[in-house]
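For reference, the structure discussed in these notes is given below.
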4 protein chains.
Amino acid sequence: MPTAFDAEENLFVSKMQENIQTLSKYDLAGFLVLGSNGELVHLTEEEKVAVYQACRKVIPKDKIMLAGTGGQTTRETIRLSLAAANAGADAVLVLNPFYYKGAMTTKALVAHYHAVADRCPIPLIIYNMPGNSGIDMTADQILAISDHKNIIGLKDSGGNITKIAEIIGRAKPGFQVLAGSAGFLLAAFSVGAVGGIVALANIAPQQCIDIQNLYLNKSFPEAQRLQAKMIPVNTAVTAQWGVPALKTAMDSLGLFGGLPRKPVLPLDESVKTQLLELLKQKNITNI
Amino acid sequence: MPTAFDAEENLFVSKMQENIQTLSKYDLAGFLVLGSNGELVHLTEEEKVAVYQACRKVIPKDKIMLAGTGGQTTRETIRLSLAAANAGADAVLVLNPFYYKGAMTTKALVAHYHAVADRCPIPLIIYNMPGNSGIDMTADQILAISDHKNIIGLKDSGGNITKIAEIIGRAKPGFQVLAGSAGFLLAAFSVGAVGGIVALANIAPQQCIDIQNLYLNKSFPEAQRLQAKMIPVNTAVTAQWGVPALKTAMDSLGLFGGLPRKPVLPLDESVKTQLLELLKQKNITNI
Amino acid sequence: MPTAFDAEENLFVSKMQENIQTLSKYDLAGFLVLGSNGELVHLTEEEKVAVYQACRKVIPKDKIMLAGTGGQTTRETIRLSLAAANAGADAVLVLNPFYYKGAMTTKALVAHYHAVADRCPIPLIIYNMPGNSGIDMTADQILAISDHKNIIGLKDSGGNITKIAEIIGRAKPGFQVLAGSAGFLLAAFSVGAVGGIVALANIAPQQCIDIQNLYLNKSFPEAQRLQAKMIPVNTAVTAQWGVPALKTAMDSLGLFGGLPRKPVLPLDESVKTQLLELLKQKNITNI
Amino acid sequence: MPTAFDAEENLFVSKMQENIQTLSKYDLAGFLVLGSNGELVHLTEEEKVAVYQACRKVIPKDKIMLAGTGGQTTRETIRLSLAAANAGADAVLVLNPFYYKGAMTTKALVAHYHAVADRCPIPLIIYNMPGNSGIDMTADQILAISDHKNIIGLKDSGGNITKIAEIIGRAKPGFQVLAGSAGFLLAAFSVGAVGGIVALANIAPQQCIDIQNLYLNKSFPEAQRLQAKMIPVNTAVTAQWGVPALKTAMDSLGLFGGLPRKPVLPLDESVKTQLLELLKQKNITNI
């Protein structure tokens with residue numbers, strides 16, 4: 001879920017809480033706070049903790065709260081993971097450090113993740129997000145990292161389905177692989193993913209749930225039609241127009257979207273018009 | 001299928017014919033001659049025609065012969081496509097020109113493919129192969145190209161499963177999308193692909209057929225296990241070690257593999273050992 | 001210059017001060033604190049401010065202190081730039097935000113840089129560092145950004161010399177372009193750059209100065225020999241082995257290098273041996 | 001130099017001969033026939049030989065004829081190199097094979113180049129052209145390839161000036177490094193290149209010569225101004241709009257440009273207008 005800001009770009013956690021309450025009526029497994037669409041990298045450490053705490057207050061006990069805690073250093077990631085656990089998160093989602101790309105060898109990545117997992121009292125899920133980080137961890141790297149009892153899964157937003165299938169085939173029993181984008185949700189299920197953590201669930205939660213259920217019911221023609229129908233919407237609010245589009249779409253549905261923090265700009269009017277037209281065409285008009 | 005050469009690197013079509021005869025006992029829909037694994041770019045125009053003719057002589061009438069005919073110019077591609085049709089090919093597979101990357105705009109690609117399709121008496125299938133060509137045609141480009149009555153399908157070897165799903169969802173009725181690599185065969189079926197044209201079928205044809213049948217029978221756990229089992233083998237004979245590995249694997253199974261044309265080198269002994277060990281481990285030991 | 005940490009990875013500013021004092025005897029124009037080799041992204045905001053203050057205390061008045069202040073948001077970058085100015089920095093060096101790559105349009109980049117430059121009481125220098133950020137700003141983007149009276153220069157670490165020459169040719173009078181890496185220092189001078197901000201100056205300051213002077217004296221054969229001699233060293237402490245190699249080299253010269261913050265790991269022993277051998281071979285053995 | 005085609009896209013060698021005669025009045029060292037701008041990959045083997053022969057007939061004896069002969073296989077490259085030598089070429093320019101990118105290891109590249117150099121009766125120059133080939137050979141690879149007595153130089157069109165400087169510093173005595181694009185001509189001279197093989201010389205030969213002479217005369221401000229002035233023109237006829245722009249520019253100067261072979265399309269009218277305006281603005285209006 002996105003992070004809410006007011007007109008001065010200050011945190012507006014009450015709006016996040018309202019969004020959570022609205023979305024909680026859907027049969028979603030839980031909420032990710034401070035993923036890429038949550039503008040993780042746009043917040044100070046204090047703000048991050050405030051978001052963890054505010055969201056946990058309203059996320060129902062029977063739904064998972066997953067907290068994004070990945071920073072550029074191991075020490076920062078540990079601090080944030082402890083804070084998230086203290087705030088009541090059920091698990092942490094840890095993006096790999098990525099500024100020193102050449103230094104992010106398998107050895108460094110394993111040491112980083114294991115150091116965090118050693119200290120973190122709640123389970124850790126690996127987060128691979130090459131589109132933003134510029135690093136696409138390999139299957140071998142992810143599997144090496146996963147060799148820790150407190151590391152329980154992977155959110156892969158790269159979408160290389162061969163790699164996802166390979167990881168699932170080689171991973172330890174019970175390792176949970178989750179689609180990181182709704183664009184390949186059906187494909188990920190077909191190769192053994194057990195769920196998804198997807199931006200699209202903010203604006204089309206039932207459709208995301210339906211793709212999963214149609215897969216589980218083996219209703220492939222319907223699943224394929226729904227998946228194909230959702231791809232342009234998903235692309236619009238992720239790779240194409242990003243966080244501002246997701247927020248604009250949320251606003252159009254009665255949720256609170258608001259503005260991203262600068263330098264990310266709100267949508268131009270012409271793009272906004274295209275987006276709203278697309279949502280209408282795909283019947284995403286209320287929540 | 002690979003192209004066979006003798007010890008002097010001359011064409012050895014009788015060995016290709018023997019391979020076809022051996023593989024024809026499997027329930028494969030047909031054969032692709034002169035794809036990327038067929039070393040299309042390593043042959044002269046005369047050699048290409050000789051391969052089309054020799055293969056068609058032994059490919060059973062009830063199996064499709066698909067002929068790779070993509071060249072760097074429109075005129076060359078037309079010449080080769082006519083030659084393939086004359087040789088009895090059922091359809092041509094046309095890789096996009098790719099040397100002048102900046103010039104390969106949607107307009108240029110559409111003009112190229114439509115000019116070829118206009119002149120070619122047999123159907124045309126688009127071939128997207130970014131790993132070799134350095135161009136990954138977009139969904140919009142492929143859909144624009146597909147708007148011609150003689151263009152009936154796509155072999156996509158890029159493996160971007162979101163793009164594949166989007167193309168299937170937006171394509172004209174009956175447009176056939178085919179997985180271009182066995183690494184994402186199951187995923188491609190799950191989003192609506194109707195088949196695959198895959199190097200792995202040269203050495204594990206029954207396993208490729210089984211993945212399709214398990215999908216059609218909705219036997220997902222088995223399909224996933226077989227798909228995951230095949231990925232390392234497929235990677236070994238494609239992205240990792242390439243054509244020489246595929247040829248070495250064929251030799252190990254009693255087919256004729258032989259050597260690639262230089263500058264592509266045969267496998268080092270240590271790699272060969274690793275490959276044969278992998279094949280053994282995955283039970284790919286006879287055909 | 002690198003940022004110093006103690007064995008617990010805490011800031012060790014007194015060691016940075018000692019390094020500054022040692023290096024101040026060379027005819028360098030000044031010091032950059034908290035660039036990429038200064039592990040900018042590894043520090044908290046408080047730590048950054050502490051580094052600005054500590055370094056300014058010992059950087060001689062007649063030498064420039066340039067402070068890296070780029071963050072992922074405009075507001076954070078403004079806060080840091082104000083803090084750097086308060087600490088006595090002469091100018092700020094601002095890396096572009098880069099996590100939301102798709103959102104970093106020319107419009108967004110210009111708005112960001114101009115908002116910072118509007119608020120910052122000291123001049124701003126643009127920092128382009130594609131190897132780490134994953135964004136290589138174009139000549140058009142950099143020139144659009146430069147259209148602000150408080151934006152006075154560019155440190156380009158991408159090393160595309162054609163782009164550097166184009167920017168110099170099209171920039172406003174007095175706009176200062178600086179080589180961001182010693183690998184292309186001579187080439188940058190030859191197309192009109194006025195200086196360099198280079199990691200190599202930490203371990204081979206006189207050689208960097210000599211390249212500039214040989215260029216100014218039009219002693220090309222000597223300049224070329226020295227430039228070519230320094231490239232492997234520069235590559236070793238930047239693109240190849242990175243910050244840990246730079247720190248190890250500094251330790252070997254009697255400066256304080258120490259360890260990087262994790263997840264960046266110290267050099268393996270075998271790499272360390274190669275590095276020290278290279279330094280010896282290139283006569284970089286004391287400072 | 002570009003290759004000339006008539007309205008039916010057939011070779012029009014007499015026009016190439018006229019172009020050579022016009023350009024021979026300039027103090028250029030020679031001509032490259034069938035480089036990337038010569039549409040090497042657009043011709044059949046027979047056509048290539050015809051071009052070598054036709055051009056040599058009119059290239060003055062005191063000017064070098066360099067012939068592009070790189071093909072995808074070693075055997076084809078040898079055939080073409082022998083044909084070029086027979087036609088009277090002074091040296092061959094060999095682009096690396098590039099379709100099987102993964103197979104182009106140092107070992108394979110060295111074996112390829114050395115096999116060609118062994119058989120070729122005239123000297124061989126290595127051609128690195130990552131923008132088209134998708135492979136950017138490393139300094140180590142180029143230096144390993146250069147270790148053959150018949151391999152005398154490198155045309156580098158990648159423009160990584162650090163790599164160019166490193167190669168020059170480490171190469172055997174007398175190894176000639178040539179700038180492959182006029183965008184970095186001055187920079188290449190500054191690090192020790194001995195010349196350039198550049199598309200821009202077709203439309204601004206004197207300016208290219210002047211950049212070299214200004215460098216040799218150590219007239220840096222003038223050299224920098226001319227270099228910067230030429231960059232937008234060079235970009236227009238290479239990376240930006242490519243071969244059709246180069247041909248259009250030649251037509252505008254009274255040389256024969258004509259059309260590229262399809263699928264490369266002629267310039268749109270609006271682009272043509274922009275190009276001609278740019279040429280006028282940069283005083284490139286006659287030859």
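Please read all numbers here as calculations on a predicted model, not as lab measurements. Throughout, protein chains are lettered first and strands after them, A, B, ... in sequence-line order, and every chain is numbered starting at 1.
- Looking at B:Ile168, there are no atoms closer than 4.5 Å to chain A (heavy atoms on both sides), in backbone or side chain.
- When each of A:Lys218, A:Lys163, A:Arg225, A:Met230 is checked for heavy-atom pairs under 4.5 Å with chain B, A:Lys218 comes out on top.
- Atoms OG1 and CG, from B:Thr162 and A:Asn234 in turn, are 7.5 Å apart once rounded to the nearest 0.5 Å.
- Counting non-hydrogen atoms of other residues, nucleotides and ligands closer than 6.0 Å to NZ of A:Lys280 gives a total of 12 or fewer.
- Your options are A:Gly169, A:Gly183, A:Ala165, and the one with the most heavy-atom pairs under 4.5 Å with chain B is A:Gly183.
- Interatomic distance, OG of B:Ser190 versus CD of A:Gln227, reported as 8.5 Å (0.5 Å rounding).
- Heavy atoms of other residues, nucleotides or ligands lying less than 6.0 angstrom from NZ of B:Lys101 number more than 12.
- When every heavy atom of B:Ile161 is checked against every heavy atom of A:Ala187, the shortest pair comes out as CG1-CB, 3.6 Å.
- Within a 6.0 Å radius of NZ in A:Lys107, no more than 12 heavy atoms belonging to other residues, nucleotides or ligands are found.
- When B:Gly192, B:Ala139, B:Gly159, B:Ala188 are compared by the number of non-hydrogen pairs under 4.5 Å with chain A, B:Gly192 comes out ahead.
- Listed here is the closest heavy atom pair of A:Ile231 and B:Glu166: CD1-N, 3.8 Å.
- Other residues, nucleotides and ligands place more than 12 heavy atoms under 6.0 Å from the NZ atom of B:Lys282.
- Between A:Phe220 and B:Tyr215, the two ring planes are perpendicular [angle over 60°; tilted spans 30° to 60°].
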